There are 2 protein chains.
Amino acid sequence: MSTHATLLRSHGLSVTPQRLALLQTLSQYPHITADQATEAVRKSLGTISRQSVYNTLNALVEKGLARRIQPIDSPALFEDRVGDNHHHLICRSCGDVADVDCAVGFRPCLEASDDNGFIIDEADVTYWGECPKCQPKISNVHTTTKTKTKTRKAIS
Amino acid sequence: MSTHATLLRSHGLSVTPQRLALLQTLSQYPHITADQATEAVRKSLGTISRQSVYNTLNALVEKGLARRIQPIDSPALFEDRVGDNHHHLICRSCGDVADVDCAVGFRPCLEASDDNGFIIDEADVTYWGECPKCQPKISNVHTTTKTKTKTRKAIS
DNA sequence: GTACTATTTTGGACTGCGTCCAAAGTATGA
DNA sequence: TCATACTTTGGACGCAGTCCAAAATAGTAC
């Protein structure tokens with residue numbers, strides 16, 4: 001019960017019903033927009049302001065308790081799965097997002113080939129393609145907008 | 001001169017002064033926002049509507065002649081460097097963006113560990129950190145907002 | 001338990017990025 | 001040269017997110 005409360009306290013955030021409800025909501029969805037979160041919290045609390053949702057989500061991201069991903073053509077998505085260096089598969093057709101573990105091992109993506117002098121602390125990998133539901137039935141030619149080589153089935 | 005014109009024609013796009021100016025502009029900046037592009041084009045053409053800028057940029061992305069990247073806390077950035085599977089380093093402090101070649105070899109990032117049934121056609125890697133200019137002078141402790149392990153210098 | 005203070009929440013206004021739309025203009029192909 | 005389809009224009013609009021000041025509430029000290 002107080003898991004979320006202690007989590008908040010241990011990160012220096014005071015405990016409010018709004019924040020608890022948001023943590024609860026985050027734990028129920030793999031990825032969720034601020035608006036969807038607002039709607040979900042309103043079902044349990046009755047009401048919450050949009051500003052509080054953003055305040056809280058941003059605070060959680062600040063403290064490393066949540067992560068924000070920013071797909072093209074979509075509002076930001078929030079997730080509470082953090083610290084495991086996982087990545088995301090996004091469907092170009094329906095926008096569906098799936099988690100995927102890192103391909104190469106433990107946090108390999110922090111090794112850029114040339115860091116240009118940057119001190120890198122995070123790598124963010126997004127795979128773009130088509131989810132099973134959106135794939136054409138006859139999977140030889142499928143119409144997309146890109147010139148590049150397409151239609152790769154991953155091995156594993 | 002007609003390089004850009006033929007490029008447009010060969011992709012089924014008609015040739016207009018606005019499009020030529022935008023291609024010219026794209027080739028001059030490694031990464032540019034729609035607004036910056038508008039401003040730049042207005043310096044050469046005198047005028048262009050915002051809608052035309054977006055139309056053209058989107059068309060170029062459609063045809064694979066440009067790429068759009070969508071950093072958090074920034075409007076979309078466009079670049080004309082395409083087809084070489086390069087990635088991006090973004091500075092959390094100043095927002096500066098640098099290109100970086102792929103770490104592991106040729107398009108390795110298309111190999112997700114588990115594709116969840118997706119047909120993957122592109123992988124998008126963003127490294128987050130601090131650029132040389134924004135790094136604190138004494139580089140032991142530096143204040144950021146994250147809990148995770150930080151301050152990794154890449155090897156190569 | 002009460003009182004005080006700092007933090008949080010609220011909601012209304014506002015900004016920025018991007019799109020929609022219909023009318024006018026222009027490139028292309030016959 | 002003409003006709004048509006595409007492009008450009010600019011004004012309205014929508015959505016995601018932030019700003020702000022006032023009200024409410026959590027944490028702290030007594």
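Proteins get letters first, then strands, A, B, ... in listed order; numbering begins at 1 in each. Not measured: the values here are computed from a predicted model.
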Inset, instruction - Go through C/dT9, D/dG17, C/dT19 for me and flag the one nearest to the B/N58 side chain. - result: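 Closest nucleotide to the B/N58 side chain: C/dT19.
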Inset, instruction - Ignoring the backbone of B/R19, work out which of C/dT9, C/dT10, D/dT7 is nearest its side chain. - result: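 When the side chain of B/R19 is considered, D/dT7 is the closest of C/dT9, C/dT10, D/dT7.
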Inset, instruction - Could you check whether A/D73 gets within reach of a base, just the sugar-phosphate, or nothing at all, counting any heavy atom under 4.0 Å? - result: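 A/D73: no heavy atom of the nucleic acid under 4.0 Å.
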Rounded to the nearest angstrom, tell me the gap between atom [atom1] in [X] and atom [atom2] in [N].
| X | N | atom1 | atom2 | value |
| --- | --- | --- | --- | --- |
| B/L8 | D/dT8 | CG | C1' | 15 Å |
| B/E62 | C/dT19 | CD | P | 11 Å |
| B/I72 | C/dC17 | CD1 | P | 16 Å |
| A/Y54 | C/dT10 | OH | P | 15 Å |

Inset, instruction - Sequence neighbours left out, what passes ring pair (Phe, Tyr, Trp, His ring centres under 6.0 Å) with B/H31? Give chain and number order. - result: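 Here the qualifying residues are B/H88.
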Inset, instruction - For DNA chain D, find the residues of residues 29-44 of chain B with a heavy-atom distance under 4.0 Å and give them by number; none if there aren't any. - result: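 Residues of residues 29-44 of chain B that come under 4.0 Å of DNA chain D do not exist, since none gets that close.
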Inset, instruction - Would you kindly compare A/F78 and B/T47 by the position of their nearest DNA chain D nucleotide and give the one closer to the 5′ end? - result: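 Result: B/T47.
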Protein-nucleic acid N or O pairs under 3.5 Å, nucleotides 11-13 of chain D:
none

Inset, instruction - Determine, stepwise, if the pair A/R81 / A/D101 fulfils salt bridge (Lys or Arg N to Asp or Glu O under 4.0 Å). - result: CA-CA 12 Å; A/R81 185 180 163 189; A/D101 289 325; 2.8 Å; yes
Legend entry - Partner residues of B/S27 under the side chain to side chain donor-acceptor pair (under 3.5 Å) criterion, sequence neighbours left out: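 Applying side chain to side chain donor-acceptor pair (under 3.5 Å) to B/S27 gives none.
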Inset, instruction - Tell me, please, which residues at least two apart from B/T25 pass side chain to side chain donor-acceptor pair (under 3.5 Å). - result: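 B/T25 satisfies side chain to side chain donor-acceptor pair (under 3.5 Å) with no residue once adjacent residues are dropped.
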Inset, instruction - Please collect all side-chain hydrogen bond (donor to acceptor under 3.5 Å, both in side chains) contacts where either partner lies in residues 34-47 of chain A, sequence neighbours excluded, each pair once. - result: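 Matches after skipping sequence neighbours: A/T33-A/Q36.
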Inset, instruction - Using a cut-off of strictly less than 4.0 Å, decide whether A/N55 has a side-chain nitrogen or oxygen near OP1 or OP2 of D/dT18. - result: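 A/N55 to D/dT18 OP1/OP2: no side-chain N or O under 4.0 Å.
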Legend entry - Side-chain N,O (B/S52) to OP1/OP2 (D/dT7) below 4.0 Å: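 No, outside the criterion.
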Pairs under 3.5 Å (N/O, protein and nucleotides 27-30 of chain C):
{"from": "C/dA27", "atom 1": "O3'", "to": "B/V15", "atom 2": "O", "distance (Å)": "3.4"}
{"from": "C/dT28", "atom 1": "OP1", "to": "B/R9", "atom 2": "NH1", "distance (Å)": "3.0"}
{"from": "C/dT28", "atom 1": "OP1", "to": "B/V15", "atom 2": "N", "distance (Å)": "3.0"}

Inset, instruction - Have a look at the helix from C/dG1-D/dC30 to C/dA30-D/dT1 and give the angle its two end axes make, five pairs each, rounded to 10 degrees. - result: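 About 40° separates the two local helix axes.
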Name the atoms and distances for all side-chain donor-acceptor pairs under 3.5 Å in residues 12-20 of chain A, with sequence neighbours left out.
{"from": "A/T16", "atom 1": "OG1", "to": "A/R19", "atom 2": "N", "distance (Å)": "3.1"}
{"from": "A/R19", "atom 1": "NH1", "to": "A/S14", "atom 2": "O", "distance (Å)": "3.0"}

Legend entry - Selection residues 50-74 of chain B - residue pairs positive for ring pair (Phe, Tyr, Trp, His ring centres under 6.0 Å), sequence neighbours left out: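 Counting only pairs at least two positions apart or across chains, no ring pair (Phe, Tyr, Trp, His ring centres under 6.0 Å) contact touches residues 50-74 of chain B.
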Inset, instruction - Using salt bridge (charged side-chain N to carboxylate O under 4.0 Å, His left out) as the criterion, list what pairs up with A/R50, not counting sequence neighbours. - result: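 For A/R50, no residue satisfies salt bridge (charged side-chain N to carboxylate O under 4.0 Å, His left out) once neighbours in sequence are set aside.
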Inset, instruction - Hydrophobic side-chain clustering at under 4.5 Å (ILVMFWY, transitive links): who's grouped with B/I69? Put none if nobody. - result: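 Taking Ile, Leu, Val, Met, Phe, Trp and Tyr as members, B/I69 shares its hydrophobic cluster with B/I72, B/L77, B/I90, B/V97, B/W128.
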